Chemist: 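I am attaching a structure below and will ask some questions about it afterwards.
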Amino acid sequence: MANLFIRFLGIKGSMKLGPTGFRTFIRNCKLSSSSLSMAAVDILYIDITRRWNSMTLDQRESGMCLQAFVEAFFYLAQRKFKMLPLHEQVASLIDLCEYHLSLLDEKRLVCSRSGMLGGRPAYIGSPQEATPAAPLAEGNLPPCTDKLSHPRHTLS
């Protein structure tokens, strides 16, 4: 869970997760659904962050601390895996997040190796030279866009 928190920290040196980082975590782990909108995610972030920040003496840095992230993670795990014991809910949500993030990392790696960024060829040198950075490998590479083609796991 701490690794997930660290992965989505925005500013180097900061140990608090901002609202954009939290939304990115939800989006990249495919945790939003019809029953958990991004507006509900924003409210969850605000409520938990406000509660934890009111308990701490250090008010220099705004955002969600690790303990607040753990609380939000437990809440999300309980919504997603209702029928399991709490420790299995949390472990299952960690597995689900790691699965989606590994797909995202793999896709980024394939796209960077194929010379495709955002669906367009990556170019090296000056714009006048405009030669593709690397030829596409033989076979079917997945399109390099922001969308991944895999089943969505959503919160119920």
Side-chain angles (χ1 to χ4, degrees), residues 1-120 122 137 139-156:
M1 209 178 311
N3 286 335
L4 290 170
F5 177 78
I6 290 167
R7 179 175 176 140
F8 292 100
L9 287 176
I11 301 167
K12 284 192 177 201
S14 172
M15 283 309 292
K16 293 217 177 168
L17 185 64
T20 302
F22 189 71
R23 288 176 127 252
T24 302
F25 157 70
I26 297 293
R27 216 175 9 262
N28 287 358
C29 293
K30 309 291 184 217
L31 300 178
S32 63
S33 67
S34 59
S35 66
L36 184 73
S37 66
M38 289 310 281
V41 166
D42 291 339
I43 292 167
L44 175 68
Y45 174 86
I46 291 165
D47 288 346
I48 292 176
T49 301
R50 191 174 288 157
R51 189 170 345 100
W52 278 94
N53 286 344
S54 71
M55 289 189 267
T56 62
L57 300 174
D58 184 11
Q59 297 295 323
R60 290 176 289 169
E61 206 177 351
S62 65
M64 180 180 268
C65 63
L66 175 60
Q67 297 91 327
F69 180 78
V70 169
E71 181 182 336
F73 198 89
F74 274 48
Y75 172 82
L76 295 166
Q78 289 170 326
R79 282 188 61 134
K80 176 71 178 155
F81 303 102
K82 293 177 179 138
M83 303 307 286
L84 299 173
L86 182 59
H87 70 281
E88 289 181 26
Q89 291 172 341
V90 171
S92 296
L93 188 57
I94 289 170
D95 290 344
L96 180 65
C97 290
E98 288 176 348
Y99 167 76
H100 284 293
L101 294 173
S102 69
L103 287 177
L104 190 60
D105 291 344
E106 191 176 306
K107 182 177 184 326
R108 287 178 180 155
L109 182 64
V110 167
C111 290
S112 67
R113 283 187 179 165
S114 70
M116 299 292 285
L117 298 171
R120 291 178 284 225
N140 294 329
L141 290 176
C144 296
T145 62
D146 293 327
K147 302 281 183 193
L148 293 174
S149 57
H150 54 78
R152 292 181 68 101
H153 295 279
T154 56
L155 292 173
S156 41

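From a predicted model like this one, the values you see are computed outputs, not experimental measurements.
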Chemist: What is the distance from atom CH2 of Trp52 to atom CD of Glu71, rounded to the nearest 0.5 Å?
Modeler: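 It is 6.5 Å, given to the nearest 0.5 Å.
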Chemist: Which value, rounded to the nearest 0.5 Å, describes the distance between Phe74 atom CZ and Phe69 atom CZ?
Modeler: 11.0 Å
Chemist: If you look at every heavy atom in Gln89 and Leu84, which pair is closest and at what distance?
Modeler: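 Minimum heavy-atom separation between Gln89 and Leu84: NE2-O, 3.0 Å.
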Chemist: Quick one: CZ on Phe8 to SG on Cys29, what's the gap to the nearest 0.5 Å?
Modeler: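 Taking CZ in Phe8 and SG in Cys29, the distance rounds to 5.0 Å.
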Chemist: Take Asn3 and Ile94 through the side chain to side chain contact (heavy atoms under 4.5 Å, CB included) test and state the conclusion after the steps.
Modeler: CA-CA 10 Å; Asn3 286 335; Ile94 289 170; over 6 Å; no
Chemist: Which pair of heavy atoms, one from Phe22 and one from Met64, lies closest together, and at what distance?
Modeler: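 Result for this residue pair: CD1-SD, 3.9 Å.
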Chemist: Are more than 12 heavy atoms from other residues, nucleotides or ligands located less than 6.0 Å from atom CZ of Arg50?
Modeler: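 Count not over threshold, so no.
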Chemist: Are side-chain heavy atoms of Leu31 and Leu93 found at a separation under 4.5 Å?
Modeler: yes
Chemist: Supply the atom-to-atom distance Lys80 NZ to Cys97 SG, rounded to the nearest 0.5 angstrom.
Modeler: 10.5 Å
Chemist: Output the distance between atom CE (Met15) and atom CD1 (Ile6), rounded to the nearest 0.5 Å.
Modeler: 5.5 Å
Chemist: Under the salt bridge (Lys or Arg N to Asp or Glu O under 4.0 Å) rule, collect the residues that match up with Asp105, sequence neighbours excluded.
Modeler: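 Asp105: salt bridge (Lys or Arg N to Asp or Glu O under 4.0 Å) contacts with Arg7.
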Chemist: Considering only heavy atoms from C-beta outward, does the side chain of His100 approach that of Asn28 to under 4.5 Å?
Modeler: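 Counting from C-beta outward, His100 and Asn28 never come under 4.5 Å.
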Chemist: Under 3.5 Å, side-chain donor or acceptor atoms of residues 38-46 against the rest of the protein: list the pairs with distances, not counting sequence neighbours.
Modeler:
unit_1: Asp42; atom_1: OD1; unit_2: Arg23; atom_2: NE; d: 2.7
unit_1: Asp42; atom_1: OD2; unit_2: Arg23; atom_2: NE; d: 3.4
unit_1: Asp42; atom_1: OD2; unit_2: Arg23; atom_2: NH2; d: 3.2
unit_1: Tyr45; atom_1: OH; unit_2: Leu17; atom_2: O; d: 2.8

Chemist: Looking only at heavy atoms, what is the nearest atom pair of Lys16 and Ser62, with distance?
Modeler: CB-O, 3.6 Å
Chemist: Which distance, rounded to the nearest 0.5 Å, do you find between the CZ of Phe73 and the CD1 of Ile48?
Modeler: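 The CZ atom of Phe73 sits 12.5 Å away from the CD1 atom of Ile48.
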